[in-house]
Colleague: 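Before I ask anything, let me first share the structure, which is written out below as C-alpha cells.
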2 protein chains.
Amino acid sequence: MAKISIKKIAELAEVSKTAVSFVLNGRGDEKNISKATQDKITAIAKENQYQANHIARSLSIGKSFTIGFIVPDISNPFYGKIARHIEQFAEDKGYSVMVASTNEDLKKEKKIIDQFKARQVDGIILASSAPNLSTLNITLNKNLPTVLFDRVFKDSSQSFVDINNEEAAMQLTETLINKGHSRIAFFSTTSYLPNISDRTRGYKAALEKNGITYDSKIHFEIDFKNKKEEIVNAFSSIMNTEDCPTAILFVNNVLASEALWCVNTSFTPYKDQLSFACFDNLDLFDYSLPKVSSVIQPSEEIANQSVFMLCKQIEDTIGKEGIQLKTKIINR
Amino acid sequence: MAKISIKKIAELAEVSKTAVSFVLNGRGDEKNISKATQDKITAIAKENQYQANHIARSLSIGKSFTIGFIVPDISNPFYGKIARHIEQFAEDKGYSVMVASTNEDLKKEKKIIDQFKARQVDGIILASSAPNLSTLNITLNKNLPTVLFDRVFKDSSQSFVDINNEEAAMQLTETLINKGHSRIAFFSTTSYLPNISDRTRGYKAALEKNGITYDSKIHFEIDFKNKKEEIVNAFSSIMNTEDCPTAILFVNNVLASEALWCVNTSFTPYKDQLSFACFDNLDLFDYSLPKVSSVIQPSEEIANQSVFMLCKQIEDTIGKEGIQLKTKIINR
DNA sequence: CATCTATACTAAATCGGTTTAGCAAAAGTA
DNA sequence: TACTTTTGCTAAACCGATTTAGTATAGATG
C-alpha cells in the first residue's frame with residue numbers, strides 16, 4: 001500500500017540503492033550486477049508494486065519529460081484536435097502534456113509560460129496571442145525550447161509549424177469569386193496576429209488578381225472581446241446597403257460560427273443569399289446555412305511536426321527550424 | 001540567464017539557504033528575519049529573475065499541485081469545454097492539469113492512470129471507459145484521489161459528478177413523442193457504460209409511460225470501433241421497412257453526428273423525414289438537418305464541482321461525495 | 001547580576017531518485 | 001607467483017527545494 005521507494009527495496013534486498021537503481025533501469029547487466037541479485041531486486045519490486053517517483057527522477061536528471069501545450073482556447077475543436085494528436089505523439093516519445101488556454105490574453109499567456117517553466121516543462125508548443133514579434137519575445141522564455149504553430153512569426157528565432165496563410169486565403173477567396181461573387185466582405189480581427197495579416201494580404205491579392213477593388217467599407221475588424229455585438233453591427237451596416245455583399249470571408253472559425261448564429265437568428269432573410277468562407281474547419285459547416293467553405297489545416301501533421309521539432313530541440317539542442325504544411329480547401 | 005537556485009542566492013546574500021527559503025515564501029517576518037536581510041534576499045532574487053523549481057518543491061513537500069484530466073477524447077467538444085473550465089478552476093487553486101485521451105480503451109486508461117500516478121499527480125478527474133464497477137476498481141489506483149464524471153458508478157467508493165441520465169433520457173424521448181413520433185429507434189453502444197444503461201432505461205421508461213411498446217428490432221447497439229459501417233447497416237435495415245421509424249434517439253453526440261453525416265450523404269431522402277435527439281450538445285445541431293434536439297450538460301458546473309471535490313479530497317482527505325447536476329434539454 | 005525571552009539566524013536532514021568514483025574479490029594472464 | 005582485468009558491488013555527492021531543531025547574541029525582567 002504505502003508507496004515503496006528504491007531505498008526500501010535496497011533494505012529489503014540487502015543491497016545498495018545504487019544496485020537497485022541500476023537494475024530497475026535495466027542497466028543491471030551493463031553494470032555487472034549478478035543474475036541472482038537482479039532477480040532478487042526485481043522480485044521485491046514487483047511484489048511491492050514499485051513505481052518510480054517520476055518527480056524525484058526529474059529533479060535528479062534535470063528533465064521532466066513534460067511538455068506544455070498552450071492555445072487560446074482548448075475547447076475550440078481546431079485546437080482540440082491538435083491537442084489530441086500532440087498528446088499521442090508526445091506519449092510515444094515518453095512525454096506527458098500539460099495544457100492551458102490563454103483566452104487570447106497575452107498577460108495570461110505569459111503567466112502560463114512562466115508557470116510551466118517553473119514546473120520545469122522541457123518545452124512548449126504554443127499558439128501565441130502576441131500581436132508582434134517584440135511582444136512575443138518578451139512573452140517567451142528564452143532558453144525554453146519552443147515550437148510556434150497557428151500564429152507564427154517566421155522571423156522569430158523560434159521553430160515553427162505553419163501553413164501558407166496568404167496563399168490559402170487567396171485560394172479561399174477565389175472559390176468565392178469562382179462562384180460568381182464579386183462583392184466579398186471580409187471579417188478579420190482587431191488584434192493583428194501574423195496569420196491574420198497574411199490572410200488579409202491573401203484576400204486582397206485575390207481581389208486584385210480578379211480585378212475587384214478592395215473596399216475598406218466591407219472590411220470589418222472585430223474586437224474579440226465584443227464579437228457578438230460587433231458582428232451584429234457589421235451586419236446591420238452592410239445588409240441594407242445598395243451594394244450589399246453576396247459573400248463573406250472570415251478570418252477564423254470563431255467569427256464564422258458567430259456570424260452563422262447571427263444570420264440564423266437575426267438576419268434570417270440573408271441565410272440563402274450569402275456565401276461564407278473561413279479558416280479552420282468546423283464540423284457544423286457541413287450542415288449550416290449558409291454553408292461555409294473552409295481551409296482545413298492538417299491537424300495530425302501539425303501535431304506530429306510540432307512534437308518532432310520540439311523533441312529535437314530538447315534532445316539535441318538543435319537551432320531554429322520551420323516548416324510549412326499543405327492545407328486543403330473544402331468547397332461547400 | 002542560467003537558472004538560479006536558492007543555494008546561489010544564499011551564497012550571494014551571504015546567508016543560509018534556510019533564510020532564503022523563508023523569505024521567498026513570505027515567511028520572513030514570521031521567522032524573524034530582519035528587514036535588511038529580507039530586502040537583500042528579495043533584491044537578489046528579483047535581480048536574477050529567480051523562479052522556484054516546482055519539481056524540487058514537489059519532491060520536498062510531497063505534493064505536485066498537478067491534477068490529471070482523463071477522458072475518451074479531448075477533441076470531442078463536450079470534453080473540450082469541460083477541460084477548458086477544469087483548467088481555469090484548477091489554476092485558481094494553484095493546480096496545473098495534465099490531459100490524456102483514452103480512446104475508449106481500458107488498457108490505455110489504466111496505463112495513463114499509472115503514468116499520472118508515477119508523475120505524482122495529486123488526483124485525477126476521470127470519464128472512465130470501464131464497463132462495470134469491478135473493472136473500474138482494477139483500473140483505478142487506490143489511494144489516488146479521484147472524481148468520476150460523465151461515466152459514473154454511483155456505488156463505487158469514488159466521488160462523482162453526475163447528471164440524472166435516466167430522467168434526462170426520458171425527457172428527451174418525450175420531446176420526440178410530443179412531436180408526434182411513436183416509432184422511435186434507439187442507437188446505443190455495445191459497451192455498456194453506466195450512463196448508457198441509465199439512458200437506455202430512460203428511453204424505455206418514456207416509451208412505456210406513453211403506451212409505446214419497446215421494439216428491440218429498432219434498438220441498435222453500435223460497436224464504436226466500427227461505428228461508420230454499423231450505422232450504415234442499421235440505416236439500411238430500418239429505412240426500407242414497413243414501420244420505418246420517424247425519429248431516432250442517440251445515446252451520445254458521436255453516434256448522432258456520425259448518423260447525421262450518414263443521412264446527409266447516403267440516405268438523403270430521409271433528411272426531412274426524421275427527427276433526431278441525443279445526449280451532449282454540439283454546435284452543429286443548430287444547423288443540421290435533421291435538426292437534433294439534445295441534452296446539454298452544464299460543463300462549467302461539472303468542471304467546478306469536479307475540481308472542488310477533488311481538492312477537498314486532496315487537502316482534507318475527505319471521503320466519497322456525489323452530486324447530481326441539472327441538465328437542460330434543447331428542443332430543436 | 002543572573003536569568004529569561006525575543007531576535008536573527010543556520011546546520012543538517014529529508015524527499016526519492018541518478019551517477020561518479022572506487023573498492024574488494026575472483027578470474028585471467030605473463 | 002605477481003600483476004592485470006573483470007566481476008560485483010557500494011559510498012557518497014547531487015538535483016533544489018522544505019523544515020526541524022537548534023545556536024548565539026541582544027534586550028528585558030526580577
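Letters A, B, ... are given to chains in the order of the sequence lines, protein chains preceding strands, and every chain is numbered from 1.
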Colleague: Tell me the interatomic distance from R119(A), atom CZ, to dG16(D), atom P, rounded to whole angstroms.
Modeller: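 These atoms are roughly 18 Å apart.
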Colleague: Rounding to a whole Å, what distance do you find between L59(A):CG and dA17(D):C1'?
Modeller: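 That distance rounds to 8 Å.
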Colleague: Are OP1 or OP2 of dC9(D) and a side-chain N or O of S34(A) less than 4.0 angstrom apart?
Modeller: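 Yes, such a contact exists.
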Colleague: Report the distance from atom CD of E14(A) to atom P of dT10(D), rounded to the nearest whole Å.
Modeller: 10 Å
Colleague: Take the protein atom NZ of K63(B) and the nucleotide atom C1' of dT14(C), then report the distance between them rounded to whole Å.
Modeller: 19 Å
Colleague: Applying side-chain contact (heavy atoms from CB on, under 4.5 Å), can you list everything that pairs with S5(B), at least two apart in sequence or on another chain?
Modeller: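 By the side-chain contact (heavy atoms from CB on, under 4.5 Å) rule, S5(B) matches K7(B), K8(B).
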Colleague: Over how many whole Å does the gap from I55(A) atom CD1 to dT18(D) atom P extend?
Modeller: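 It works out to 14 Å between those atoms.
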Colleague: Let me know, please, whether I6(A) or S16(B) comes out on the 5' side of the other along DNA chain C by nearest nucleotide.
Modeller: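 It is S16(B), whose closest nucleotide lies nearer the 5' terminus.
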Colleague: To the nearest Å, how far apart are E11(B) CD and dG16(D) P?
Modeller: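 Distance check: E11(B) CD to dG16(D) P gives 12 Å.
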Colleague: Please check the phosphate of dT18(D) (OP1 and OP2 only) for any side-chain N or O of N25(B) closer than 4.0 Å.
Modeller: yes
Colleague: Answer yes if the side chains of S21(A) and T18(A) hold a donor-acceptor pair under 3.5 Å, and no otherwise.
Modeller: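 Per modelled atom types, S21(A) and T18(A) side chains form no pair under 3.5 Å.
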Colleague: List, with names and distances, any nitrogen or oxygen atoms from the protein found under 3.5 Å away from nitrogen or oxygen atoms belonging to nucleotides 19-28 of chain D.
Modeller:
residue: dT19(D); atom: O4; partner: T18(B); partner atom: OG1; Å: 3.2

Colleague: Between dG17(C), dT18(C), dG16(C), spot the one nearest the side chain of Y50(A), thanks.
Modeller: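 For Y50(A), the side-chain atoms sit closest to dG17(C).
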Colleague: Can you see if the side chain of N32(A) gets near the phosphate of dT6(D) - specifically, an N or O under 4.0 Å from OP1 or OP2?
Modeller: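 Result: no.
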Colleague: Is the backbone N or O of T135(B) less than 3.5 Å from a side-chain atom of N132(B), with the two atoms forming a donor-acceptor pair by type?
Modeller: yes
Colleague: Rounded to the nearest 0.5 Å, what's the gap from NZ on K111(A) to CG on L106(A)? Could you check?
Modeller: 13.5 Å
Colleague: Look at the side chain of K320(A) and the backbone N and O of S156(A), then say whether any donor-acceptor pair between them is shorter than 3.5 Å.
Modeller: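 Yes, K320(A) side chain to S156(A) backbone: donor-acceptor pair under 3.5 Å.
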Colleague: Does dC15(D) have OP1 or OP2 sitting under 4.0 Å from an N or O in the side chain of S58(A)?
Modeller: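 For dC15(D), OP1/OP2 do not have a side-chain N/O of S58(A) under 4.0 Å.
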Colleague: Which residues pass the side-chain contact (heavy atoms from CB on, under 4.5 Å) test with S157(A), sequence neighbours left out?
Modeller: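 With sequence neighbours excluded, S157(A) shows a side-chain contact (heavy atoms from CB on, under 4.5 Å) to K142(A), given in chain and number order.
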Colleague: What is the distance from atom OG1 of T146(A) to atom CG of N141(A), rounded to the nearest 0.5 Å?
Modeller: 8.0 Å
